[in-house]
Engineer: 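Pasting in a structure now, in C-alpha cells, and then I'll have a few things to ask.
This chain uses plain numbering: 1 for the first residue, then up along the sequence.
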Amino acid sequence: MLYPPAMAGSTREVNFDGLVGQTHNYAGLSPGNLASEKHRGAVSSPRRAALQGLAKMRRLMELGLTQGVLPPQERPDVWTLRRLGLGKGGRGTDAEVIEEAARRSPALLSACSSGSSMWTANAATVAPSADTGDGRVHLTPANLVAHLHRALEDRQTERALRAIFREGPRFRVHAPLPSVTAFGDEGAANHIRLCARHAEPGVQVFVYGRCALEETRERIARTPGASGAPRREPPADPRKYVARQTLEASEAIARLHGLSEERTLFVRQNPDVIDAGVFHNDVISVGNENVLLYHERAFAEGDAAIDGMRQRLRGLGADLVEIRVTEEEVSVEEAVATYLFNSQIVTLPGGGMMLVCPGECERSERVRRRIDRMLADDNPVERVEFFDLRESMRNGGGPACLRLRVALTDEELAAVNPGAILTPTLVGELEAWVRRHYREELRPADLADPRLVDETRRALAELTEMLGLGAIYPFQMER
C-alpha cells in the first residue's frame, strides 16, 4: 500500500477516526456535556453522522495526511443486558432481551445502545516509540468508568486495537486500568504531547481533574508545582460536575508506557471550567508538535502550568509556541458552544499547520475573529478549514473528539493492519456501506426496535471483513 510522504523525518502522525455507529442517538447520557444535555430526546440521523465523519477523513487524505479508521462498538449491547438478567433471566432471545429492557429499564437500554465510541479521542492514551522505555508504541484503552454507557466500551476497544496494532516488536496494547473510580481514565482527550517534530522525543502532558486517594493529595501538597515554584493549596474539586480523569490513572499510564519522569508533566484542569461544561481537557486546549492553543482559564495552576510545559520542551531543544485565548476574546461558555479548542491542529506534508474546525466556529463572530487573528500572527498555523459535523456536535463531540492520534515511523505504519488505513477506494466503499445499512432517522424510542440488533450485526460482519479485523465482536466470537 502506498502512503503519503512522512511529515517529519520517518515519522508521521496518523489520525484514527471513529466510524459513527448505527445507534447514534441523542439520549443525553453525559452530565457535564452541555450539548448532550441540550439535545436530549431530539431526532438523530445515524447515516448523516457517519457520512459527515467520513467526509472529514476524506478531506484530510486529500491534503496528503495518512488517515486511519476505528470500527464502532456492537450496539445494542445485548450481551450486557442479558448478563444483567433481562430477557427471561438472561435466557431469552435477543428480541426478548430488548423488549424486556425497553419495558422494565429504558435507561439501561439507552446506555447499552449509545453510539459514544465514535469519539475515539476517548478510546485510548498513546505513547509513540520515541518516548517509551522499550521503543515500542504503547496504547492503553480507556476504562471510561465515569459513565455507564462509556464504561461498556473498554474491552471491545481493546479487541479492536489489538486487531489493528498487533502485539510484537512494534506495538504494546495494554489492558484497560481497573474499572474503579479511583483510576478513572478518559483516554487521549486529557492528554497532550508536545515535541519539536513528531519524529523526535516529546513531553507527555497528562491533564487530570481530581485526585482520588488522600495520600495523593498529601503528596501533591508537598511537591513543587508544574514550573518548580512552591505549590499553592490544591484547588477544590468541581462543585457541579464530577471530574472524570484522576491523577492516579494518569500516573499509572505513564508508568505502563515507560515514560521518562523528566519528560512527563501532570497538570490539573481548572475545576471552574469543568463546572462550565469542559468535561475533557480537549474542550479547552489542544496541542500539535510545539504549538499549544489554549484558553487562559484551562489549567488550575494558570501560567505556572504553561511554564512547566515550556521548560520541559526547552529541555528537548524546542520552544513552545503559545496561542493563548483570553476570556475577553472568547469566553469559556462560547468555547464550549463552538468547540474552538476541540479543533484539530494538523501538520501538513508541505509544511505549516492547519486548523480543522467545526462549522460552529465559522458561525460565531467572536470565534471567527480570533481565528483570523491567529492566522495573521507569527505562528505555524497558516490556514483553517471548517467542517459540517453537526450530528456529532449536537452530542458534544467536535473534530478532535472524533480522532485518536498515533505517531508512527514508516516501519510501524507498515506493521499496522492495512485494512485500518484509509485509501480513496476504501472511503468510497465505507460511504456505500453506510448508505446500505444506516437509518436516516433514529429517535430514542426506536432503541426498543429489536430489528436494530440484526441490522447492526449484519453491518458489522460486513465491516470487519472489509477492514480485515477478524472476529472482534461478541456475536462473532459466540459463533
Engineer: Are any side-chain N or O atoms of Asp275 and backbone N or O atoms of Lys240, one a donor and one an acceptor, separated by less than 3.5 Å?
Structural biologist: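 Yes, the answer is positive, given that a donor and an acceptor are paired below the 3.5 Å cut-off.
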Engineer: If you draw a 6.0 Å radius around CZ in Arg104, do more than 12 non-hydrogen atoms from other residues or ligands fall strictly inside?
Structural biologist: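 Atom CZ in Arg104 is not packed in, count stays at 12 or less.
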Engineer: Would you mind checking if Glu462 and Arg458 are paired as a salt bridge, meaning a charged N to carboxylate O distance below 4.0 Å?
Structural biologist: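 Salt bridge absent between Arg458 and Glu462.
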Engineer: Answer whether the closest heavy-atom distance between the side chains of Glu186 and Leu144 falls below 4.5 Å.
Structural biologist: yes
Engineer: Indicate yes or no: does Asp17 engage Arg58 in a salt bridge with an N to O separation below 4.0 Å.
Structural biologist: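 Judged by the 4.0 Å cut-off on N to carboxylate O distance, Asp17 and Arg58 do not form a salt bridge.
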Engineer: Tell me, which pairs form a ring-ring contact (aromatic ring centres under 6.0 Å, His included) where one or both residues lie in residues 74-101, sequence neighbours left out?
Structural biologist: none
Engineer: Does any non-hydrogen side-chain atom of Ser114 lie less than 4.5 Å from one of Arg150?
Structural biologist: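 No, their side chains stay 4.5 Å or more apart.
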Engineer: Contact between Glu289 and Met353 at the side-chain level, heavy atoms closer than 4.5 Å - yes or no?
Structural biologist: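 In short, these two side chains touch, coming nearer than 4.5 Å.
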Engineer: Could you tell me which residues satisfy side chain to side chain contact (heavy atoms under 4.5 Å, CB included) with Arg166, sequence neighbours excluded, listed by chain and number?
Structural biologist: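 By the side chain to side chain contact (heavy atoms under 4.5 Å, CB included) rule, Arg166 matches Asn417.
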Engineer: Between Pro76 and Ile98, which heavy-atom pair has the shortest distance, and what is it?
Structural biologist: CB-CD1, 4.0 Å
Engineer: Using 4.0 Å as the upper bound for N to carboxylate O, is an ion pair formed by Lys56 and Asp388?
Structural biologist: no
Engineer: Do the non-hydrogen side-chain atoms of His198 and Pro128 ever get within less than 4.5 Å of each other?
Structural biologist: no
Engineer: State, to 0.1 Å, how close Leu81 and Leu109 come at their nearest heavy-atom pair, and which atoms those are.
Structural biologist: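 Heavy-atom minimum between the residues: CD1-CD1, 4.0 Å.
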Engineer: Look at the side chain of Thr23 and the backbone N and O of Ser113, then say whether any donor-acceptor pair between them is shorter than 3.5 Å.
Structural biologist: yes
Engineer: Given Arg268 and Asp237, is the salt bridge (Lys or Arg N to Asp or Glu O under 4.0 Å) satisfied, shown in steps?
Structural biologist: CA-CA 10 Å; Arg268 182 156 184 176; Asp237 289 340; 2.7 Å; yes
Engineer: My understanding is that only one of Leu63, Asn288, Leu355, Val356 makes a side chain to side chain contact (heavy atoms under 4.5 Å, CB included) with Val346; could you say which?
Structural biologist: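 Going through Leu63, Asn288, Leu355, Val356 one by one, the side chain to side chain contact (heavy atoms under 4.5 Å, CB included) with Val346 is satisfied by Val356 alone.
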Engineer: Rounded to the nearest 0.5 Å, what separation is found between the CD1 atom of Ile284 and the CZ atom of Phe279?
Structural biologist: 11.5 Å
Engineer: Backbone N or O of Gln73 within a donor-acceptor pair of the Glu153 side chain at under 3.5 Å?
Structural biologist: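 The answer is no, because no donor-acceptor pair under 3.5 Å joins these two groups.
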Engineer: Apply side-chain hydrogen bond (donor to acceptor under 3.5 Å, both in side chains) to Gln245 and Ser250, showing your working.
Structural biologist: CA-CA 8 Å; Gln245 184 80 25; Ser250 298; 3.2 Å; yes
Engineer: Under 3.5 Å, side chain of Thr246 to main-chain N/O of Ala182, donor-acceptor pair present?
Structural biologist: yes
Engineer: Between Thr132 and His257 (side chain of the first, backbone of the second, donor and acceptor by atom type, cut-off under 3.5 Å), is there such a pair?
Structural biologist: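 Not a single qualifying donor-acceptor pair exists.
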Engineer: Which residues pass the ring-ring contact (aromatic ring centres under 6.0 Å, His included) test with Phe206, not counting sequence neighbours?
Structural biologist: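 So Phe206 forms a ring-ring contact (aromatic ring centres under 6.0 Å, His included) with His191, Phe266.
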Engineer: Does this structure show an ion pair linking Arg47 with Glu440, if we count only N-O contacts that are shorter than 4.0 Å?
Structural biologist: yes
Engineer: With Ile253, which of Val126, Asp185, Leu259 fulfils side chain to side chain contact (heavy atoms under 4.5 Å, CB included)?
Structural biologist: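 Exactly one pass, corresponding to Asp185.
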Engineer: Under the rule for salt bridge (Lys or Arg N to Asp or Glu O under 4.0 Å), what residues qualify as partners of Glu455, not counting sequence neighbours?
Structural biologist: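 Scan of Glu455 (salt bridge (Lys or Arg N to Asp or Glu O under 4.0 Å), adjacent residues dropped) gives Arg439.
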Engineer: What class does the angle between the rings of His295 and Phe341 fall in, given that below 30° is parallel, 30 to 60° is tilted and above 60° is perpendicular?
Structural biologist: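 Perpendicular: the ring planes of His295 and Phe341 meet at over 60°.
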Engineer: With sequence neighbours excluded, tell me which residues meet side chain to side chain contact (heavy atoms under 4.5 Å, CB included) with Thr181.
Structural biologist: Arg210
Engineer: State the CG-CG distance between Leu426 and Leu467, to the nearest 0.5 angstrom.
Structural biologist: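 Leu426 atom CG to Leu467 atom CG measures 6.0 Å (nearest 0.5 Å).
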Engineer: Could you tell me which non-hydrogen atom of Pro71 sits nearest to which non-hydrogen atom of Ala160, and how far apart they are?
Structural biologist: CG-CB, 4.1 Å
Engineer: In chain order, what residues pass the ring-ring contact (aromatic ring centres under 6.0 Å, His included) check against His24, with sequence neighbours excluded?
Structural biologist: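 With sequence neighbours excluded, His24 shows a ring-ring contact (aromatic ring centres under 6.0 Å, His included) to Tyr26, given in chain and number order.
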